[in-house]
Amino acid sequence: MAAKLQPVRGTQDIWGEDARRFSWVVDVFRSISSRYSFKEIHTPIFEFTDVFARTLGETSDVVSKEMYTFEDRGGESLTLRPEYTAGIARAYMSEGMQQFGVSKLASWGPMFRYERPQKGRFRQFHQLDAEIIGAPEPEADVEIIAMAHQLLMELGVGGDVTLHLNSLGDKESRDNYRQALVKYFSKHKDKLSEDSLVRLDKNPLRILDSKDKGDQALLADAPSYADYLNEASVEFFTRVQLGLTALGIPFTLDPTLVRGLDYYCHTSFEFITTALGAQGTVIGGGRYDGLMEQMGGKPTAGIGWAAGIERLSMLLADLPQVERPISVIALGEDATILGSVAAYYIRLTGRTVDMAFKGNLKKRMQRANKLNASHAVIIGDDEIEKGIAVIKNLDSGEQQEVAIEEIVEKIVPET
RNA sequence: GCGGGCGUAGCUCAACUGGUUAGAGUACCGGCUUGUGAUGCCGGGGGUUGGGGGUUCAAGUCCCCUCGCUCGCCCCA
């Protein structure tokens with residue numbers, strides 16, 4: 001056990017400047033998702049273990065070694081959510097959202113994965129999530145990718161990130177390709193890396209993005225995904241690309257981009273940066289038309305993405321200025337009461353007010369300065385006697401005396 | 001889960017080849033005319049040098065274990 005009071009490995013306290021970055025990312029996301037007509041949804045952070053185990057694929061790394069799974073006091077096996085989609089799909093069915101036709105859902109919150117922490121990789125991390133459920137059309141893919149792109153642009157990180165795009169095709173295409181791949185690599189088992197030998201058995205598609213030199217040499221002659229997409233899959237993918245091009249959203253075709261979770265098909269995409277070392281994926285997503293059926297529901301199309309809030313936060317260049325407060329400086333008991341009242345009424349107008357509780361005038365002026373206050377309202381014994389307050393403009397240094405009843409009406413228009 | 005690097009005050013760092021009470025800047029608190037924000041000057045609190053064990057007359061400095069961070073693999077957001 002840790003001797004000091006420290007957060008659990010892979011978790012962190014988010015405060016100060018980090019908290020500002022975090023909130024800014026969430027604020028921009030909520031603004032954009034609302035403009036794209038998404039509705040916010042919040043699902044529990046834990047679910048029955050089956051919700052994740054059955055949908056993500058028993059052999060996936062997430063399920064086999066990264067989930068926080070525990071038995072509750074009633075003997076149920078529960079799991080802290082390691083990703084968003086399965087839980088939202090479950091909610092979609094639990095709440096009977098089929099009745100609404102297409103559902104566009106947005107969410108944000110914590111995820112949990114037992115991984116070895118690294119820069120941009122935590123055990124509790126936070127994601128933004130967007131899902132369009134019930135829309136099998138490629139235009140849905142275009143819209144949701146456009147939304148991700150816009151998020152990056154509005155956050156000001158767009159320039160550092162490139163969109164990688166691939167198609168896994170429909171189930172038929174995917175199965176055919178997988179077979180071809182297994183057949184090819186089985187002939188070259190002796191040359192495959194240790195990791196890829198395991199992949200060959202568990203998830204052969206993953207060999208495609210291996211970083212091993214030997215594997216990459218083999219890949220040069222491996223069957224190409226594009227040759228195994230059937231006509232419908234090719235047509236679908238073409239429409240996605242046309243749509244993105246029409247919107248002027250640049251992308252790179254990346255045939256090695258295969259996603260690790262079982263439920264993906266057709267469009268697969270990642271926004272990748274080189275600024276975060278090995279954890280370069282900032283937004284990742286794809287289509288999952290088979291998921292609902294896999295969970296025991298009716299066949300329902302779906303597409304979505306998730307973004308790492310911490311990763312986005314690390315890429316932010318500038319943050320918007322915090323709103324400048326008004327500092328109320330009240331000296332003495334009587335003045336303090338008046339000051340509280342003034343602060344209260346100024347806040348009712350929507351302005352931010354800071355009031356220090358102690359210190360002489362100099363100290364409080366210093367505090368006002370550190371907070372970047374626009375004005376100070378000074379009330380002391382002298383002012384009370386005259387029934388006034390002093391309003392000081394902290395940029396110009398000008399002071400004016402106003403009647404105590406007029407503080408609010410004098411200061412608000414000015415700021 | 002595998003391999004490498006690092007770990008000194010809130011933050012950024014110092015302390016020659018192991019050698020006396022571990023320093024500085026910054027931040028914080030207070031003072032320099034008891035009612036006005038800069039700079040400056042003075043003072044203060046704050047570290048069992050991540051933790052534990054070992055070697056040594058002597059360890060922040062060497063060795064081992066452990067915790068944490070970090071880089072790569074893996075995985076992914």
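Note on naming: letters A, B, ... go to the chains in the order of the sequence lines (proteins, then strands), and numbering restarts at 1 for each one.
When the P atom is compared between G51(B) and C11(B), the two are found 14 Å apart, to the nearest whole Å. Rounded to the nearest Å, the gap between the C1' atom of G4(B) and that of G10(B) is 30 Å. Separating the C1' atom of G19(B) from that of G60(B) is a span of 13 Å, rounded to the nearest Å. Rounded to the nearest Å, the gap between the C1' atom of U55(B) and that of G45(B) is 37 Å. Taking atom C1' on both A59(B) and C63(B), the two are 11 Å apart, rounded to the nearest angstrom. Taking the P atoms as reference points, C42(B) lies 28 Å from U48(B), given to the whole Å. For the C1' atoms, the distance from G25(B) to A14(B) is 10 Å, rounded to whole Å.
Regarding contacts with the backbone of U36(B), every side-chain N or O of Q399(A) stays at 4.0 angstrom or more from both OP1 and OP2. Proximity of R9(A) to the phosphate of G68(B): a side-chain N or O atom is located under 4.0 Å from OP1 or OP2. For G72(B), the OP1/OP2 oxygens have no side-chain nitrogen or oxygen of R116(A) closer than 4.0 Å. Listed pair K370(A) / A27(B) fails the phosphate criterion, with no side-chain N or O lying under 4.0 Å from OP1 or OP2. Put simply, K211(A) has no side-chain N or O that comes within less than 4.0 Å of OP1 or OP2 on G72(B). In terms of phosphate contacts, R199(A) brings a side-chain nitrogen or oxygen within less than 4.0 Å of OP1 or OP2 of C75(B). Side-chain N/O atoms of K392(A) include none lying less than 4.0 angstrom from OP1 or OP2 on U36(B). Taking only side-chain nitrogens and oxygens, K119(A) never comes nearer than 4.0 Å to OP1 or OP2 of C69(B).
A donor atom on one side chain and an acceptor atom on the other are not found under 3.5 Å apart for E71(A) and S77(A). A donor and an acceptor atom, one from each side chain of T162(A) and T252(A), are nowhere located under 3.5 Å apart.
Distances from the side chain of Q279(A) to the nucleotides A77(B), C74(B), C69(B) place C74(B) closest.
Among the heavy atoms of the strands, none lies under 4.0 Å from R367(A).
The CZ-P distance, from R113(A) to A77(B), rounds to 5 Å in whole Å. Atom CH2 in W15(A) sits roughly 7 Å away from atom C1' in G10(B) (whole-Å rounding). Atom CD of Q366(A) is separated from atom P of G30(B) by 9 Å (rounded to the nearest Å).
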* Asked: Would S107(A) and E40(A) satisfy side-chain hydrogen bond (donor to acceptor under 3.5 Å, both in side chains), going step by step from the backbone distance to the final call?
  -> CA-CA 6 Å; S107(A) 193; E40(A) 205 157 308; over 6 Å; no
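With rounding to the nearest 0.5 Å, the separation of CZ in F70(A) from CD in E76(A) is 11.0 Å. Rounding to the nearest 0.5 Å places CD1 of I14(A) at 15.0 Å from CZ of R20(A).
Between H126(A) and F22(A), a ring centre-to-centre spacing shorter than 6.0 Å is recorded.
Pairing for G18(B) is absent, with no Watson-Crick or G-U wobble pair whose two atom distances lie under 3.5 Å.
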